[in-house]
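Note sheet for the following structure.
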2 protein chains.
Amino acid sequence: MTFALIAAQTPENVYSIRVEVQGVGRKRLQEPADGRPTVHTVAARAGVSIASASRVLNGVGGSPETVRKVRAAAAEVGYVPNAIARSLQSQRTGLVALAVEDIGNPVYVEMMRAIEAVVAGSGRQLLVHATGGRIDNETALLRRLAHRYVDGMIISPIRVTADHLAAVTDSPVPVVVVGQLAEDAPVDNVRTDSRTGIALAVDHLVATGRRRIGFVNGPLDTVPGAARDAGFRAALARHGITLDENLVEIGDFQYAAGRAATERLLARAAPDALVCANDLIAVGALHTLLAHGRRVPTDVALVGMDDTELARMMFPQLSSVSLGSAERGRRAAELLLQRIDDPSLPPRRAQVAPNLVVRASSEVPT
Amino acid sequence: MTFALIAAQTPENVYSIRVEVQGVGRKRLQEPADGRPTVHTVAARAGVSIASASRVLNGVGGSPETVRKVRAAAAEVGYVPNAIARSLQSQRTGLVALAVEDIGNPVYVEMMRAIEAVVAGSGRQLLVHATGGRIDNETALLRRLAHRYVDGMIISPIRVTADHLAAVTDSPVPVVVVGQLAEDAPVDNVRTDSRTGIALAVDHLVATGRRRIGFVNGPLDTVPGAARDAGFRAALARHGITLDENLVEIGDFQYAAGRAATERLLARAAPDALVCANDLIAVGALHTLLAHGRRVPTDVALVGMDDTELARMMFPQLSSVSLGSAERGRRAAELLLQRIDDPSLPPRRAQVAPNLVVRASSEVPT
DNA sequence: TTGTAAGCGTTATCAT
DNA sequence: ATGATAACGCTTACAA
């Protein structure tokens, strides 16, 4: 009920003189439509203002009597605060997100655990989203989560498009990218060098007397796939070994593809060693090798990549090139938290070096 | 700047007559503290009201000219909507969460994929949180996420405390529990019957001539651990086999524990078959068996549980009791979406039957 | 200590 | 079609 007596208005400013009669009845509903109690409900029940109720609920101030009344009222009505409303006010949610292709790949599990540890240390909670490699899904996630549902985000895309990059740079909340990015991308970035990683594997195999070294890779149109291919070819060349293209196979980065690709490879060539672009592929390769009666490592040495727990689960245990996934996760989380605290930081870059872990699958036959 | 002429106040209602002078300067800042544009920024720049700006931004109404101006203004300032503010208004976020113990366990990955498929079909996005089995973490998550950051939540706890149950029933957003719950718990619940599942494994092993059947279980103070223990003992008894306690070992539900527990078991007994409480344990058991030179299945038959992709990755491939994790995930997601649409539904319960998948690890030796 | 009221950034209502 | 304004549920100056 409002009576406006005078109202003068200009485009820029608003001057008005009003006489109003407020509050015929309560100023606002105390029970919202869905029936859940709000601070208003609690305040009314306790016979105090919403300010007092809020203060008590947050443990700041309030006389003993007020505290008692508010606590009692809150308990009676089963009050639970609305985090969304709180966030709108505080401009933070205490949530951090991690987006990965495929949470079924143990390498992301390790990365996630490392991130989780850092994030939890800051009192925040980590949420994970599996994009399934669907790129639209990934940008959709950015366009939704990053629009304030979380305080920051870590993404590990295997394909990077211009759209992607735009979504990252436009993001209202800090985003850290784990993976290779253009040199000048103005984005916090944690990377490794899988090219060199593959070289470590090849060097090791050559040093232990292997010459017919095969390679099972993922798609070449992915960032890691391309890097690993280049690394493999360069390493062989460095050792003066001419690559037999029959020894190279491509699938995706999954177990089933590794198994199938190794089938194809064995059908037309006889490798004495196999380098696999990740551990899932390596496990698939191991399965095929054993199914074909090849002894590992006696007949064929096997080296995977990512050094996940899967490599240690197999029998024989798999040698694998560690790309420091836990370390990269940790660094990414640190970069993210720093940027959340100070958004004005310049874009930073962290690099984690690969290293080879030799296990039974490529041990020198004695 | 406000001049109150008269103000009469009663505890219940507020009547007041005021004369106020509003708007010396703009009524509100157009650029918030963090410098990001809001609808106000866009509206001001386009020379329209925030209402018009909002309408155009949401694609409802607006003259061609207004649409043009608002779109241009939004693009110029790089406007991105604040999802939190939108959610406060709409009372929904379009987000659904899944909380599991350990996302490193492939059984949860399968469940997650099934849930994701259903959730995506409703236009929502799925977020996963790994609680690491820390029960405080789990309730903390409920107490945060469920307080409106998500439209609903699916949790799969392995231990269920009264606290837990209270957190679930107090939750302002719908929660579906995957796992065994008290019969009368007023909570949507999807369950399986791992007791019967274990029986399927034992029946199969007995039918294929095994008599010294060992069992590697998880902790007995977990819901699944207790059920599987009971199932194992009951099944043996049904076949008239007296259980040798030397053939029973307990670890946790992880690979390393399965490996270690099997070491201990082999040190004091000679099983001709091993039932494992999940696939991670079974993979650990396989490793130990092979390392000890036992042939699988010739010397020792092996049956896991959960029927995850891990079982298919091994060589030999592992027999495993499927507890329908994907199916349970799908059902849970459906229950959740239904309840989000209609919170007044009575608590419902879905049950998924276990079934045995026989593979090489327990095939009858021929 | 307590209450009033002004936000936080949207969307929805209701006059105009 | 448009604009003013009131929510959404909370926190927090500021005043009393």
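None of the values given here were measured: they were computed from a predicted structure. Chain identifiers are assigned alphabetically (A, B, ...) following the order of the sequence lines, protein sequences preceding nucleic acid strands; residue numbering begins at 1 within each chain.
- Looking at the side chain of A:A51, the nearest of the listed nucleotides D:dA13, D:dT2, C:dA12 is D:dA13.
- At distances below 3.5 Å, at least one donor-acceptor pair connects side-chain atoms of A:D151 with backbone N or O atoms of A:T93.
- What separates NE2 of A:H40 from C1' of C:dG3 is a distance of 12 Å, to the nearest Å.
- In this entry the distance linking CD of B:Q89 with P of D:dC10 reads 15 Å, nearest Å.
- The CG-P distance, from A:L88 to D:dT11, rounds to 11 Å in whole Å.
- Within 4.0 Å (heavy atoms only), B:I50 reaches at least one base atom of the nucleic acid.
- With rounding to whole Å, A:R55 atom CZ is found 12 Å from C:dA5 atom C1'.
- For the 3.5 Å distance criterion, the side chains of B:R92 and B:S90 fail to qualify, holding no donor opposite an acceptor.
- Judged by closest nucleotide on DNA chain D, B:G62 is the one of B:G62 and B:A85 placed further toward the 5' end.
- With rounding to the nearest 0.5 angstrom, the CG atom of A:D342 is 11.5 Å from the CD1 atom of A:I340.
- Distance from the side chain of B:S63 is smallest to D:dA1 among D:dA1, D:dC10, C:dG3.
- Taking every side-chain heavy atom of A:Q91 into account, C:dC8 is the closest of C:dC8, D:dA7, D:dG3.
- Taking the nucleotide of DNA chain D with the nearest heavy atom to each of B:V56 and B:S90, the more 5' of the two is matched to B:V56.
- The distance between atom CG of B:L57 and atom P of C:dA12, rounded to the nearest whole Å, is 13 Å.
- Distance A:R36 CZ to D:dC10 C1': 16 Å, rounded to the nearest Å.
- Taking CG from A:L98 and CD from A:E116, the interatomic distance works out to 10.0 Å, rounded to the nearest 0.5 Å.
- Of the candidates D:dC8, C:dT10, D:dG3, C:dT10 carries the atom nearest the B:V39 side chain, counting heavy atoms from C-beta on.
- One finds a side-chain N or O of B:S49 lying less than 4.0 angstrom from the OP1 or OP2 phosphate oxygen of D:dG3.
- Straight-line distance from the CZ atom of A:R92 to the C1' atom of C:dG9: 18 Å, rounded to whole Å.
- Proximity note for B:T66 (side chain, C-beta onward) versus D:dT2, D:dA7, D:dC10: the nearest is D:dT2.
- Between B:S52 and B:T66 the shortest heavy-atom distance is CB-CG2, 4.3 Å.
- Listed pair A:N82 / D:dC8 fails the phosphate criterion, with no side-chain N or O lying under 4.0 Å from OP1 or OP2.
- Counting to the nearest Å, the P atom of C:dT13 and the CG atom of B:N58 are 13 Å from each other.
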